2 protein chains.
Amino acid sequence: MKNRLRVLRAEHDWSQADLAQALGVSRQTINALETGKYDPSLPLAFKIADLFELAIEQIFERPSADNQSASND
Amino acid sequence: MKNRLRVLRAEHDWSQADLAQALGVSRQTINALETGKYDPSLPLAFKIADLFELAIEQIFERPSADNQSASND
DNA sequence: TATTTAAGTCAAGCATGCTTTACAAAAAGA
DNA sequence: TCTTTTTGTAAAGCATGCTTGACTTAAATA
């Protein structure tokens, strides 16, 4: 899932460490998000959205509709 | 983090199993989300939002701003 | 040039999200 | 009442999210 974190961070002229501190997470987490290692949890996504005063949908791109199925009893 | 899943599901007259199938997750996952056991991943939150044609923010309530801090180097 | 800041990455470890299988209990329908 | 459907829950296991600590490299600055 792609995101606009790096751009938003640049617009605010923040380092990864600055952003991490503002969000209460580690710098490595920010780096991992920006480099696409994994997606944030929903609570963290909300914090990010609140910080940048944007909707989650404006920061994170919809995933590519995987169509995986689970057995469901 | 509270959510409106049970209400939305009721509006559509779906069982937990129906919703699970529509989302490609297990019934137990839906039950866990509705009973507040845990929050969905961001990708699953997007799928839910897409299915109900709502924004994530309209389904999931913002978490109560934890203010936890990480050491950050 | 020497130093500092910023970014990338790795490994180990713990927490959370989701799976399958299984069972119990409540609610709905015959 | 009897049967079926729906919901709740539990345990074990695997995948993902996030932590700390450490190290490397590149870029900015004294």
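The sequence lines fix the lettering, A, B, ..., with proteins before strands; numbering per chain opens at 1. Computed from a predicted model, the values in this text were never measured in an experiment.
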For atom [atom1] of [X] and atom [atom2] of [N], their distance in whole Å:
{"X": "A:Leu5", "N": "D:dG17", "atom1": "CG", "atom2": "P", "answer": "14 Å"}
{"X": "A:Leu42", "N": "D:dC18", "atom1": "CG", "atom2": "P", "answer": "10 Å"}
{"X": "B:Tyr38", "N": "D:dT9", "atom1": "OH", "atom2": "C1'", "answer": "12 Å"}
{"X": "A:Asp18", "N": "C:dA7", "atom1": "CG", "atom2": "P", "answer": "8 Å"}
{"X": "B:Leu19", "N": "C:dC18", "atom1": "CG", "atom2": "P", "answer": "13 Å"}
{"X": "A:Asp13", "N": "D:dA28", "atom1": "CG", "atom2": "C1'", "answer": "13 Å"}
{"X": "B:Ile30", "N": "D:dT7", "atom1": "CD1", "atom2": "C1'", "answer": "13 Å"}
{"X": "A:Gln21", "N": "C:dT5", "atom1": "CD", "atom2": "P", "answer": "14 Å"}

Say whether, by atom type as modelled, one donor and one acceptor occur between the side chain of [X] and the main chain of [Y] under 3.5 angstrom.
{"X": "A:Asp50", "Y": "A:Lys47", "result": "no"}
{"X": "B:Arg9", "Y": "B:Trp14", "result": "yes"}
{"X": "A:Asp39", "Y": "B:Pro43", "result": "no"}

[N] phosphate, OP1 or OP2: any side-chain N/O from [X] under 4.0 angstrom?
{"X": "A:Arg27", "N": "D:dG21", "result": "no"}
{"X": "B:Ser26", "N": "C:dT20", "result": "no"}
{"X": "B:Ser41", "N": "C:dC18", "result": "yes"}
{"X": "A:Arg9", "N": "C:dA7", "result": "yes"}
{"X": "A:Lys37", "N": "D:dG17", "result": "no"}
{"X": "B:Thr29", "N": "C:dT19", "result": "yes"}
{"X": "B:Asn31", "N": "D:dG8", "result": "yes"}

Checklist line | Pair of N/O donor and acceptor under 3.5 Å linking D:dT7 base with B:Gln28 side chain | finding: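 Side chain to base: no pair below 3.5 Å.
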Note to self: Under the rule for side-chain contact (heavy atoms from CB on, under 4.5 Å), what residues qualify as partners of B:Lys37, not counting sequence neighbours?
What the structure shows: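 With neighbours one apart ignored, the set is B:Ala32, B:Thr35.
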Checklist line | Residue met sooner reading DNA chain D from 5', once B:Thr35 and A:Pro40 are mapped to nucleotides | finding: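 Closer to the 5' end of DNA chain D: B:Thr35.
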Notebook entry, point to check: Take atom CD in B:Glu11; do more than 12 heavy atoms of anything else shown fall under 6.0 Å from it?
Noted result: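 Correct, the count exceeds 12.
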Margin query: Please pick, from C:dG8, D:dG8, D:dC18, the nucleotide with the shortest atom-to-atom distance to any side-chain atom of B:Arg6.
Written below: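 Shortest atom-to-atom distance from the side chain points to D:dG8.
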